[in-house]
Amino acid sequence: MAAEIGDGWAPVLEKIELVSGVKGVFKVSLDGELVFDKGEVGRMPERGEISAEFAKRLGPRISWRRSHH
């Protein structure tokens, strides 16, 4: 998941931090705002769900990687 977020918004993110929790805690925050909480919804995020939330807040993914031809 960190790679998915980093690949889309790395140029505008100061850091991506993964913090281990206990009892299956899984939360994602952006600028101190909770984006996803497994405890609230009772499930892990679906593929692309977190990216969609980041896009709402940060805008569309940024094409920042150069292609290697």
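Note that the numbering runs from 1 along the sequence shown for the chain.
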Within the structure provided, determine whether Val35 and Arg57 are in side-chain contact (heavy-atom separation under 4.5 Å).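 Touching, per the 4.5 Å side-chain cut-off.
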
Is there a side-chain contact between Glu49 and Phe36 (heavy atoms, below 4.5 Å)?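 In contact.
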
Between Asp37 (side chain) and Gly39 (backbone), is there a donor-acceptor pair under 3.5 Å?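 A pair under 3.5 Å: yes.
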
With a cut-off of 6.0 Å (strictly less than), are more than 12 heavy atoms of other residues, nucleotides or ligands near CZ of Arg43?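 Yes - once you tally the heavy atoms of other residues, nucleotides and ligands closer than 6.0 Å, there are more than 12.
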
Under 30°, 30 to 60°, or over 60°: which ring-plane class applies to Phe54 and Trp9, parallel, tilted or perpendicular?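 Judged by the thresholds at 30° and 60°, the geometry between Phe54 and Trp9 is tilted.
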
For the [atom1] atom of [X] and the [atom2] atom of [Y], what is their distance to the nearest 0.5 Å?
X	Y	atom1	atom2	answer
Leu34	Glu40	CG	CD	5.5 Å
Leu13	Ile62	CG	CD1	8.0 Å
Leu30	Ile50	CG	CD1	10.5 Å

Shortest non-hydrogen contact from Lys38 toward Met44: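 Residues Lys38 and Met44, closest heavy atoms: CD-SD, 3.6 Å.
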
Any idea which heavy atoms bring Arg61 and Ser51 closest together, and the distance?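 Scanning both residues completely, I find the closest heavy atoms to be NH2-OG, 3.5 Å.
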
